[in-house]
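What follows is a single structure, written as structure tokens, with notes after it.
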Amino acid sequence: MKVSETILGQAHGKDVVAYTLTNPNGISLTAMTYGATITELMMPDKNGKSENVILAMDSLDDYVTHRPYYGATIGRIAGRIAKGSFDLDGKRHQLIVNEEENHLHGGPAGLDTHVWDAEIEASADEASIHFTTTDADGANGYPGTLSVTVSYTLTAENEWKINYRATTDQPTLFNPTNHVYFNLSGDINKPILQHELQLNSAVFAELGDGNLPTGALLPAEGTPFDFRDGGKLAIAAEQSHPQTQKVAGFDHPFLLQHDTGKPDAVLSDAESGRSVKMYTDQDCVVIFMHNGAIDKYTIAGNPVIQYAGITLETQALPDAINQEGFGDIVLRPGEVYSAETIYKFEVQA
């Protein structure tokens, strides 16, 4: 395993460092201390051509200025909290709202805006970046001082492991994710609609106003949301269902079935031969298809097309604190939050 580093510039008065981990099979992962953000994942295709298979900004300034969440660590809470408010132990808390009247992705100064500390650990079989940060009591309206570690490990078996750990000194909420967008074609100008998705999920969460869950979990069978046997993502863009019409594709939580003996998800691109298998201990994956084009910034010098990439955001169900039956996202003093997601990369000739 090889490790290298470079200084990209400064943010919040601190140097932002990018670390690159490279395995013997020609797969490399680059992540920077700004937002504990993965900025490049180089992977060969079936012809041996290596390309970046994730969406990434052209400069550090673009990440700071535009905040597209590409590849970033999202927290304290991934997704939306209705009206930015919740009850915890009989006390009402009001978070800072940053998407109309709702709280999105941890608020205006979420973990994706931190400059994290980082340490490198490497052996013959794997190399890791251990990112650490502290989120102060009251940050974005959250109670408690939160200490977070996020580790990215690249293995000789072509796995990218994401491990989260967190502790707090007061009861608080914690439901992080990584917001990486995959485009396995390696070409930012090719939409991901011809990618195939297999997903171990029979149930998805209905979205209501403001793209917030209504609390209803709907059966996927007979809808564009059923990928248990695999299918092309193009079905979501056809907008043949009221829920896909709502967001021009997918921006939906899928409840995972972990007892099938299969990966929780498999994303593949037949033309390049690339695929990624996802394994997680989380209850849910939110799938978003970059449903709109963007011309405010560029990727590799090009405007960002509609359906430029797809996220597989592993987490608890969104707005769980306000939805009965959506799970427990409260972290208390003396507890250690721990979660893992693994992406395994393969190439088929």
Side-chain angles (χ1 to χ4, degrees), residues 37-41 43 45 51-58 62-63 66-72 74 78-80 99 104-105 177-199 201 204-205 207 211 220 223-227 229-254 265-278 284-315 318 343 345:
T37 298
I38 179 172
T39 59
E40 187 175 77
L41 184 67
M43 178 183 179
D45 67 5
E51 293 170 301
N52 187 15
V53 296
I54 65 171
L55 302 192
M57 306 292 287
D58 290 341
D62 284 342
Y63 283 94
H66 299 291
R67 200 185 178 201
Y69 305 113
Y70 293 169
I74 304 299
R80 297 167 177 86
E99 189 192 53
L104 175 67
H105 286 338
T177 195
N178 187 281
H179 210 290
V180 63
Y181 286 84
F182 293 106
N183 185 326
L184 298 180
S185 75
D187 183 349
I188 183 59
N189 295 309
K190 284 186 179 179
I192 44 82
L193 297 179
Q194 295 307 306
H195 281 39
E196 291 266 347
L197 177 66
Q198 187 276 322
L199 188 64
S201 173
F204 69 99
L207 298 183
N211 291 346
T223 77
F225 295 83
D226 191 354
F227 287 92
D229 295 325
K232 281 188 166 53
L233 291 171
I235 192 170
E238 293 169 3
Q239 300 174 38
S240 60
H241 188 280
Q243 282 288 299
T244 56
Q245 291 173 6
K246 189 173 186 60
V247 293
F250 290 154
D251 189 6
H252 289 77
F254 291 76
V266 181
L267 182 70
S268 58
D269 173 50
E271 186 174 349
S272 69
R274 298 183 179 107
S275 67
V276 55
K277 295 178 178 177
M278 185 194 82
C284 158
V285 60
V286 173
I287 295 181
F288 178 52
M289 292 172 46
H290 208 302
N291 298 325
I294 296 175
D295 58 10
K296 292 188 296 185
Y297 54 80
T298 61
I299 297 179
N302 296 298
V304 190
I305 64 170
Q306 187 179 28
Y307 308 124
I310 177 176
T311 68
L312 303 173
E313 305 167 52
T314 58
Q315 58 191 267
Y343 298 108
F345 305 100

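Each of Leu197, Leu267, Asp251 was compared with Ile287 under the side chain to side chain contact (heavy atoms under 4.5 Å, CB included) criterion, and only Leu197 meets it.
A distance of 7.5 Å separates CD1 of Ile235 from OG1 of Thr223, quoted to the nearest 0.5 Å. Note that CZ of Arg67 and CE of Met57 are 12.5 Å apart. Values are rounded to the nearest 0.5 Å. Between Glu271 atom CD and Leu184 atom CG the span is 12.0 Å, to the nearest 0.5 Å. To the nearest 0.5 Å, atom NZ of residue Lys277 and atom CG of residue Leu312 are 14.5 Å apart. Here Gln194 contributes atom CD and Ser268 contributes atom OG; the two are 11.5 Å apart, rounded to the nearest 0.5 Å.
Side-chain N or O atoms of Gln239 include none that pairs as donor or acceptor with a backbone N or O of Thr244 at under 3.5 Å. No donor-acceptor distance shorter than 3.5 angstrom exists from the side chain of Asp45 to the backbone of Glu51, with no hydrogens or angles considered. Proximity of a side-chain donor or acceptor of Asn52 to a complementary backbone N or O of Glu40 within less than 3.5 Å is not detected. Using modelled atom types, no side-chain atom of His290 and backbone atom of Gln306 make a donor-acceptor pair closer than 3.5 Å. Side-chain N or O atoms of Asn178 include none that pairs as donor or acceptor with a backbone N or O of Glu313 at under 3.5 Å.
For the pair Pro68 and Tyr63, the tightest heavy-atom approach, listed with the atom from each and the gap, is CD-O, 4.2 Å. Nearest heavy-atom pair across Ala308 and Ile192 is O-CG2, 4.1 Å. Of all the heavy atoms in Asp58 and Ala300, the pair that sits closest is OD1-N, 2.6 Å. Across every non-hydrogen atom of Gly230 and Glu196, the tightest pair is C-OE1, 4.3 Å. Minimum heavy-atom separation, Gln243 to Phe225: CB-CZ, 3.6 Å. When all heavy atoms are compared, the tightest approach of Gly249 to His252 is O-CE1, 4.0 Å.
Within the 4.5 Å cutoff, no side-chain heavy atoms of Thr37 are placed close to those of His179. Put simply, the side chain of Thr177 does not reach to within 4.5 Å of the side chain of Val286, judged on heavy atoms.
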**OP:** Give the C-alpha distance, both sets of side-chain angles, the deciding distance and a yes or no for side chain to side chain contact (heavy atoms under 4.5 Å, CB included) between Tyr343 and Phe182.
**Re:** CA-CA 11 Å; Tyr343 298 108; Phe182 293 106; 4.0 Å; yes
**OP:** Determine, step by step, whether Asn211 and Lys246 satisfy the side chain to side chain contact (heavy atoms under 4.5 Å, CB included) criterion, reporting the C-alpha distance in whole Å, the side-chain angles of both residues, the deciding distance to 0.1 Å, and the verdict.
**Re:** CA-CA 8 Å; Asn211 291 346; Lys246 189 173 186 60; 4.3 Å; yes
**OP:** Apply side chain to side chain contact (heavy atoms under 4.5 Å, CB included) to the pair Ile54 and Tyr181, showing each step before the final yes or no.
**Re:** CA-CA 5 Å; Ile54 65 171; Tyr181 286 84; 5.9 Å; no
Subject >> Pair Val180-Tyr70, side chain to side chain contact (heavy atoms under 4.5 Å, CB included): steps then yes or no >> reply: CA-CA 6 Å; Val180 63; Tyr70 293 169; over 6 Å; no
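Partners of Phe288 under the ring-ring contact (aromatic ring centres under 6.0 Å, His included) rule, at least two apart in sequence or in another chain, do not exist in this structure. Not a single salt bridge (Lys or Arg N to Asp or Glu O under 4.0 Å) links Glu238 to another residue, sequence neighbours left out.
The aromatic rings of Phe250 and Phe227 sit perpendicular to each other, their planes meeting at more than 60°, with 30° as the lower class boundary.
Donor-acceptor pairing under 3.5 Å is lacking for the side chains of Ser185 and Asp269.
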